[in-house]
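Below, chain A is the first sequence line, B the second, and so on; all start at residue 1.
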Amino acid sequence: MSEFITEAKRTHYCGSLNAEDAHKQVVLMGWVHRRRDLGGLIFVDLRDREGTVQIVFDPEGGPRAHALAHSIRNEFVLAIKGRVNLRPAEMVNASLKTGEIEIIAEEMEILNEANTPPFVLDGETDVSENLLLKYRYLDLRRRKIQKNIMLRSKVTAETRSYLEKEGFIDIETPFLAKSTPEGARDYLVPSRVNPGTFYALPQSPQIFKQLLMVSGFDRYYQIVKCFRDEDLRADRQPEFTQIDMELSFISEDDIIGIIEGMMAHIFDACLDRKVQTPFPRLTYREAINRYGRDNPDRRFALEIADLTDIAGQSDFRVFSEAAQKGGSIKAITIEDGKAFSRKDLDGLGEIVSPYGAKGVAWVRVGEEGWSGSVSKFFNNEAINQVHEKTGARPGALILFVADTSPAVVSASLGALRLYLGNRMGLIDSDKLSFTWITEFPMFEYSETEGRYMATHHPFTSPVLEDLPMLETDPGAVRARAYDLVLNGSEIGGGSIRIHKSDVQSMIFKALGLEKEEVRTKFGFFLDALQYGTPPHGGIAFGLDRLIMIMAGAESIRDVIAFPKTLKATCLMSEAPSEVSTGQLDELHLNIK
RNA sequence: GGGGUCGUAGUUAAGUCGGUUAUAACGCCGGCCUGUCACGCCGGAGGCCGUGGGUUCGAGUCCCAUCGACCCCGCCA
């Protein structure tokens, strides 16, 4: 067997060759993507990270290589020395990037053999995720995932270059940190040298980055792993990556401007897509009223109308009761009601029921008036008022949701709106729709905790003019917080922080945290605020979600090289796993 | 914590009302083939029907439990 390759250097990537390379002598290394053995003539599609190219083995061009080529199988690793041949016109494969050329193999070496893979790597077959995750290293050979991972690298590189240019300093913060109350469940790490104590893996570097502002670094950023021990979703992993930043002496508008520039730069540099700035802004209240949620997908309209005042007067008990008990009645109007059959309408209840709504009431708007389940409860005057508010015209369909809880109505219609947008094909997947959501409420009342909780986090600055309401009506206090929403996903969020220790203490008090608890958990931080803390604020982006949208991926797992399952396990390495009693002893741990 | 979808050759799926030897495609193995590119043609091997229990003369199919993957609600400051 010829061992020429051990001496030779690779000259090109398979996928980067084209007609301009014609007649060149090349050395390629890659995996056998597919072979077509015609007996006297053998074709192999050789694959590397840049793509595939056709290798031709014929007895004339390379007798030894041709003889050896009969034995190769899928996923073998080959080194090929050959000549780039311009294909005759009738043999050009237009569906292949390298389809104008092929490589006539003069020498070939099998660098390694391979077992038959447990699934075909052609990207055509839908393989169960179970198997893909177990053999993730093979899944990662597939073009689709490989492209996503390479896009991710490009995005982080462009992010760094933009932020460095803007004067940001990359500073690492600890992974072994202190467990904090509030927020998500922590991943804990036992300390061997301090028996009975634990570190927590950070949910975000929040406190550290604020301390860096106290230290005077002025502009900080980090592309950093964060950890949250909560139940997972299609867009949530237990460990995920944030683009994290913090700035001193700035206002909301400064941060928003920098981020808009960053997004424009990333999309231009990575996807060659121009992004229109500035991005539109919506207050939280407006987002909930018009779209039912604080992460509205504004690639389509289909807005929600508030009909509480009108429908609340009707004789329909569900409506009148909702209105009387502080709830609301809201509706979405569909212009072309014919697209929905009676059966379709009956099915809508399933869309809203997970959000607590009892059902969806509907009427069809005709030339002569209304028909449908609740039409008889509305008189002509009410009908005209509804038409005015919803813009409904003959042929339209009005879908109502009513509940004694306004939050249930909003969440239900928010979900219904998305369902309808999808079903009616209103969502243009090529569109990029950025929106800032501002003026979040500072606190939300938690039924389970029986107290107010920070909507964003407890270091967020309240809007100053709302401060007097801190004790009288905490739910009405607005925060100087902002989220960036892209195509219905929250991709980032941040706030102007509290930089005065007395205000910070007031917030802890409003959150119902005991003085001693605050002292134990945040004492060092409150101290720091008293040593000349500049006004500051920041933002953090979910890198994984951003890449998902940029790549058009349906799952966060498609943009992470080694993701975990919904139960936070790794099917490939089988983490987490049990450890030896010796290890437990060292850590002073007993397992129940 | 709650609700849902799924689990049958290596892979993806079909499997009727519970009834003979569990199908197909792709992949795999062998043979033929000098212009294929999802090559083609001929032949072949390959099954713990996720696991455990139950009902039944008889279970891939019905019931219960359990494991796993996925989706949603809660949760995720």
Side-chain angles (χ1 to χ4, degrees), chain A residues 33-46 52-61 66 70 73-75 85 87-88 90-96 98-99 102 104 115-135 138 180-186 203-204 206-207 226-238 240 350-357 408 411-412 415 419 440-444 446-449 452-460 479 481 490 493 495 507 511 513 540 542 554-555 557 564-567 569 571:
Chain A
H33 189 62
R34 233 191 284 274
R35 91 198 139 96
R36 294 174 291 279
D37 188 341
L38 275 61
L41 202 57
I42 300 167
F43 298 96
V44 162
D45 296 334
L46 196 68
T52 62
V53 69
Q54 172 163 283
I55 315 288
V56 185
F57 296 93
D58 79 81
E60 311 278 307
H66 177 261
H70 284 294
R73 293 292 181 268
N74 283 347
E75 300 308 315
N85 184 40
R87 297 196 198 184
E90 67 274 20
M91 291 172 198
V92 165
N93 183 348
S95 60
L96 202 63
T98 60
E102 61 192 4
I104 309 294
N115 290 345
T116 303
F119 49 86
V120 193
L121 302 175
D122 61 5
E124 313 271 330
T125 329
D126 238 356
V127 185
S128 88
E129 197 139 8
N130 221 328
L131 203 69
L132 294 177
L133 288 174
K134 184 173 175 192
Y135 296 95
L138 296 180
T180 52
E182 302 266 311
R185 201 173 285 119
D186 285 322
Q203 300 169 24
S204 91
Q206 185 61 35
I207 287 180
C226 301
F227 306 85
R228 289 176 193 174
D229 187 5
E230 295 290 347
D231 289 346
L232 308 182
R233 283 284 195 292
D235 61 354
R236 252 194 250 164
Q237 283 273 303
F240 59 98
E350 281 176 41
I351 309 297
V352 299
S353 73
Y355 300 88
V408 164
S412 300
Y419 168 81
F440 280 81
M442 189 75 186
F443 308 104
E444 279 167 333
S446 162
E447 298 291 343
T448 45
E449 297 279 326
Y452 279 96
M453 310 275 282
T455 306
H456 199 55
H457 57 60
F459 315 112
T460 301
E490 181 209 322
S495 62
I507 297 301
L511 287 169
L513 295 176
E554 277 171 20
S555 163
R557 293 180 296 278
K564 297 204 164 43
T565 67
L566 282 187
K567 283 189 75 186
T569 64
L571 294 179

Aromatic ring pairing F459(A)/H457(A), orientation class (parallel under 30°, perpendicular over 60°, tilted between): tilted
First of L566(A) and V56(A) reached from the 5' end of RNA chain B, by closest nucleotide: V56(A)
Rounded distance in Å between the P positions of G35(B) and U8(B): 41 Å
G40(B): pairing nucleotide in any strand, Watson-Crick or G-U under 3.5 angstrom: C32(B)
Sugar-phosphate, base or nothing in reach of T569(A), heavy atoms under 4.0 Å: sugar-phosphate
Closest approach of R557(A) to Q237(A) (non-hydrogen atoms, all atoms of both residues): CG-NE2, 3.9 Å
base_contact_polar (C29(B) base, R73(A) side chain, donor-acceptor, <3.5 Å): no
Side-chain donor or acceptor of N93(A) paired with backbone N/O of S95(A) under 3.5 Å: yes
Rounded distance in Å between the C1' positions of G47(B) and G7(B): 15 Å
Touch class at under 4.0 angstrom, heavy-atom based, for E90(A) against every strand present: nothing
Sugar-phosphate, base or nothing in reach of P59(A), heavy atoms under 4.0 Å: base
Whole-angstrom distance between C26(B) and C39(B), as gauged at atom C1': 15 Å
Sugar-phosphate only, base, or nothing, as touched by F459(A) at under 4.0 Å among non-hydrogen atoms: nothing
Any R35(A) side-chain nitrogen or oxygen under 4.0 Å from OP1 or OP2 of G27(B): no
Sugar-phosphate only, base, or nothing, as touched by M91(A) at under 4.0 Å among non-hydrogen atoms: base
Pairwise P distance, G15(B) and U61(B) [rounded to whole Å]: 14 Å
Touch class at under 4.0 angstrom, heavy-atom based, for N93(A) against every strand present: base
Per S128(A) side chain, nearest of listed nucleotides A69(B), U12(B), G35(B): U12(B)
Heavy-atom donor-acceptor pair, S412(A) side chain to V408(A) backbone, under 3.5 Å: yes
Rounded distance in Å between the P positions of C63(B) and A22(B): 24 Å
Under-3.5 Å donor-acceptor pair between E350(A) side chain and G4(B) base: no
Counter-base of A69(B), judged by Watson-Crick or G-U geometry with both distances under 3.5 Å: U5(B)
Polar pair under 3.5 Å, donor/acceptor by atom type, side chain R236(A), base C76(B): yes
Sugar-phosphate only, base, or nothing, as touched by E129(A) at under 4.0 Å among non-hydrogen atoms: sugar-phosphate
Nearest-angstrom distance, C1' atom, G52(B) to C67(B): 10 Å
Separation between the P atoms of A9(B) and G46(B), rounded to whole Å: 15 Å
Touch class at under 4.0 angstrom, heavy-atom based, for P458(A) against every strand present: base
Check: N74(A) side chain, G27(B) base, donor-acceptor under 3.5 Å: no
Verify stack between F119(A) ring and U11(B) base, 5.5 Å, 30 degrees: no
H66(A) and D58(A) side chains, donor-acceptor separation under 3.5 Å: no
No-H, no-angle donor-acceptor pair, R233(A) side chain to G74(B) base, under 3.5 Å: yes
Distance-only donor-acceptor test (3.5 Å): side chain R36(A), base C33(B): no
Sugar-phosphate only, base, or nothing, as touched by S204(A) at under 4.0 Å among non-hydrogen atoms: base
Nearest-nucleotide 5' precedence on RNA chain B, L96(A) against D231(A): L96(A)
Donor-acceptor pair, side chain of E102(A) and main chain of R87(A), under 3.5 angstrom: no
Touch class at under 4.0 angstrom, heavy-atom based, for L131(A) against every strand present: sugar-phosphate
Touch class at under 4.0 angstrom, heavy-atom based, for E444(A) against every strand present: nothing
Donor-acceptor side-chain pairing of R34(A) and Q54(A) below 3.5 angstrom: no
P atoms of C64(B) and C70(B), separation to the nearest Å: 25 Å
